[in-house]
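The structure appears below as structure tokens.
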Amino acid sequence: MNPLNIVILAAGKGTRMYSEKPKVLHALAGRPLVRHVLDCAAALQPRQVCVVYGHGGEAVPQALQQHAAQFVIPTQFVIQAPQLGTGHAVQQAMPHLTDASQTLVLYGDVPLIQPATLQRMRQAGDGLVLLTVDLDNPAGYGRIVRNAQGGVLGIVEEKDATPEQREISEVNTGILLAPTSKLREWLASLQNNNAQGEYYLTDIAAMAVQQGIAVRTVQPAHEWEMHGVNSKAQLAALERIWQQVEANRLLAHGVTLADPARIDVRGRLNCGRDVGIDVGCIFEGDVVLGDNVEVGAYSVIRNATIAAGTRIAPYSLIDSSEVGADCHIGPYARLRPGTRLHDGVHIGNFVEVKNSEINRSSKANHLSYIGDSTVGSGVNIGAGTITCNYDGANKHRTVIGDDVFIGSATQLVAPVTIGKGATIGAGSTITKDAPDGELTLSRSKQATINGWKRPTKEKK
Ligand code: UD1
Ligand code: CA
């Protein structure tokens, strides 16, 4: 097969989004529309990708520059100003494409196109390959005009179509594959004498026919692959379609979803066997849930690994953390970036953990803050314990040895080390290291003032 170039058209203004942000940077499933297209493009391993963006849309290359560098495929950004139609847009990319190749045209605002569909287009032959679809309501789209034998004659835009042509239900998705040298030649001879005064990319179909070059059509596996986004309503509708696809994928894999309509996956969610997910959960970035993991309602999990058998109770937030097996998390727990919990750890309600390692079977069950800490195994952290890791300028570490018992409402002022097996009396403010195995506490002695009376309200 010839090497592949991919041109992504992303110059449209997106007027109907009513937003300062270029349309293709609006997010679907947590990622800009055009990033979905770039990722799909990358999956085809093209020789290069060329993104055509619009005047004033500098935010597009800026937002994607970093991403482009992430994958090995060379990515060019080409400005199209003014915007004189889809044919004119592809023309802007041509100087960057070499002839002995095929060129695939994709759209930055058609985010859900799938690599498998594009692979089938590549396998369809060397001529011009159009991605088309039959729609119950074809209004607004270019129509595929065929002869009596079913051969493609060309594409007619709705605004230029006769009433008979408007009856055609097979529409042009816009996505097409062409031999690059031919595409160059066809684009050079485009005219704009049509209803919209634009250079139509679609006119190349009739040119191919005229030259006796085969024009073939391929249909996407799913209609949603060709859906474009022009408004917030279309964006929201496509988001729901994609979430349903994700939910069905999880169900097919054996995951139990309390309600497939109430889960949002914004990235990649990988689940082991017998995983259960209650309603309203959001998964972002790369999340891995081990066998038998249960995720309680309205939890948000981002870039995290949760090992087998762990139970996450409702309303928990887990971000960039690693959670071991058979842990109990939440309800209302917050694991911030850099948290590493070993097996059997319990983190209860209103406990915040940040940049800390907590070893096997340790527990912090209520109302605590554990930041920049190393906690041993078998430790019990009483309610209301706070590691005071910040002195107003710098962060310091707290080290807690194995089998320590920290009494409730304790402040551990870092840097500080609590020795193995130590006990800290409730209500202490610990500013110096505490030795192994001993009881350490810091409080004034309890006293009783005999006969003391509460103040009473003065009579006016
Ligand atoms: C185009 C097709 C039509 C097809 C429809 C599918 C042409 C002439 N018509 O219609 O057959 O059914 O898409 O949605 O190609 N763009 C640019 N620069 C431009 C013009 C457009 O980058 O100068 C980009 C837009 O950002 C968009 C895409 O091309 O991503 C399609 O443009 P749009 O105006 O939405 O397409 P239509 O003209 O409606
Ligand atoms: Ca148009």
Side-chain angles (χ1 to χ4, degrees), residues 258 275-283 287 289-290 292-389 397-412 414 416 418 421-430:
V275 165
I277 300 173
D278 209 335
V279 300
C281 293
I282 301 176
F283 299 90
V287 175
L289 304 179
N292 298 300
V293 164
E294 293 284 340
V295 182
Y298 302 103
S299 293
V300 178
I301 305 182
R302 178 184 306 131
N303 293 320
T305 302
I306 317 289
T310 285
R311 289 200 339 248
I312 297 163
Y315 300 101
S316 295
L317 249 98
I318 300 179
D319 186 1
S320 307
S321 296
E322 207 181 307
V323 177
D326 302 313
C327 292
H328 293 186
I329 310 295
Y332 299 101
R334 182 175 183 203
L335 306 184
R336 289 171 54 200
T339 294
R340 181 154 178 241
L341 308 183
H342 290 249
D343 297 350
V345 166
H346 293 192
I347 300 295
N349 37 221
F350 308 107
V351 175
E352 173 181 350
V353 184
K354 184 213 80 173
N355 189 31
S356 293
E357 180 169 11
I358 301 183
N359 282 279
R360 193 176 263 274
S361 305
S362 289
K363 299 184 171 95
N365 275 328
H366 330 269
L367 300 158
S368 289
Y369 173 60
I370 302 166
D372 302 309
S373 302
T374 305
V375 178
S377 61
V379 170
N380 188 76
I381 295 177
T385 297
I386 292 169
T387 57
C388 309
N389 58 331
R397 286 199 79 79
T398 299
V399 177
I400 300 174
D402 294 345
D403 303 311
V404 162
F405 181 97
I406 310 269
S408 296
T410 292
Q411 299 94 50
L412 301 169
V416 71
I418 311 301
T423 301
I424 304 297
S428 294
T429 301
I430 301 295

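Values below: every heavy atom of this structure, side chains too, minus hydrogens, waters and symmetry copies. These numbers were taken from a predicted model, which means no experiment stands behind them.
- Heavy-atom minimum distance, Gly330 versus Ala313: C-CB, 3.6 Å.
- In this structure, CD1 on Ile406 lies 12.5 Å from CD1 on Ile386, to the nearest 0.5 angstrom.
- For the atom pair OG (Ser373) and CD1 (Ile381), the distance works out to 7.5 Å, reported to the nearest 0.5 Å.
- Taking Asn355 as the reference, Asp372 meet the side chain to side chain donor-acceptor pair (under 3.5 Å) condition, with sequence neighbours excluded.
- With hydrogens and angles ignored, the 3.5 Å screen pairs a side-chain donor or acceptor of Thr387 with a backbone N or O of Gly371.
- Residues passing the side chain to side chain contact (heavy atoms under 4.5 Å, CB included) test with Ala258 are Asp278, Val279, sequence neighbours excluded.
- Not counting sequence neighbours, the partners of Ala414 by the side chain to side chain contact (heavy atoms under 4.5 Å, CB included) test are His396, Thr398.
- The minimum heavy-atom distance linking Ala383 with Ser368 is given by the pair C-OG, 4.2 Å.
- Side-chain N or O atoms of Ser356 include one that pairs as donor or acceptor with a backbone N or O of Lys354 at under 3.5 Å.
- Rounded to the nearest 0.5 Å, atoms CD1 (Ile318) and CD1 (Ile306) are 4.0 Å apart.
- Note that the CD1 atom of Ile400 and the OG1 atom of Thr374 stand 9.0 Å from one another [nearest 0.5 Å].
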Side chains of residues 340-350: which donor-acceptor partners sit under 3.5 Å, not counting sequence neighbours?
residue: Arg340; atom: NH1; partner: Glu357; partner atom: OE2; Å: 3.3
residue: His342; atom: NE2; partner: Glu357; partner atom: OE2; Å: 2.6
residue: His342; atom: NE2; partner: Asn359; partner atom: OD1; Å: 3.4
residue: Asp343; atom: OD1; partner: Ala325; partner atom: N; Å: 2.8
residue: Asn349; atom: ND2; partner: Asn365; partner atom: O; Å: 3.3

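- Ser299 is linked by a side chain to side chain contact (heavy atoms under 4.5 Å, CB included) to Cys281, Val295, Ile312, Ser316, counting only residues two or more places apart in sequence or in another chain.
- With sequence neighbours excluded, the residues that form a side chain to side chain donor-acceptor pair (under 3.5 Å) with Arg336 are Glu352.
- Within a 6.0 Å radius of CZ in Arg311, no more than 12 heavy atoms belonging to other residues, nucleotides or ligands are found.
- Scanning for side chain to side chain donor-acceptor pair (under 3.5 Å) contacts around Thr429 gives Gln411, with sequence neighbours left out.
- Within the structure, ring-ring contact (aromatic ring centres under 6.0 Å, His included) contacts touching residues 293-316 (residues at least two apart or in different chains) are Tyr298-Tyr315, Tyr315-Tyr332.
- For Asp319, the salt bridge (charged side-chain N to carboxylate O under 4.0 Å, His left out) partners two or more places apart in sequence, or in a different chain, are Arg302.
- A distance of 10.0 Å separates OG in Ser361 from CG in Asp403, rounded to the nearest 0.5 Å.
- With rounding to the nearest 0.5 angstrom, the CG atom of Asn389 is 11.5 Å from the CD1 atom of Ile370.
- When the side chain to side chain contact (heavy atoms under 4.5 Å, CB included) test is applied to Ser362, the partners found at least two apart in sequence or on another chain are Ile358, Val375, Val379.
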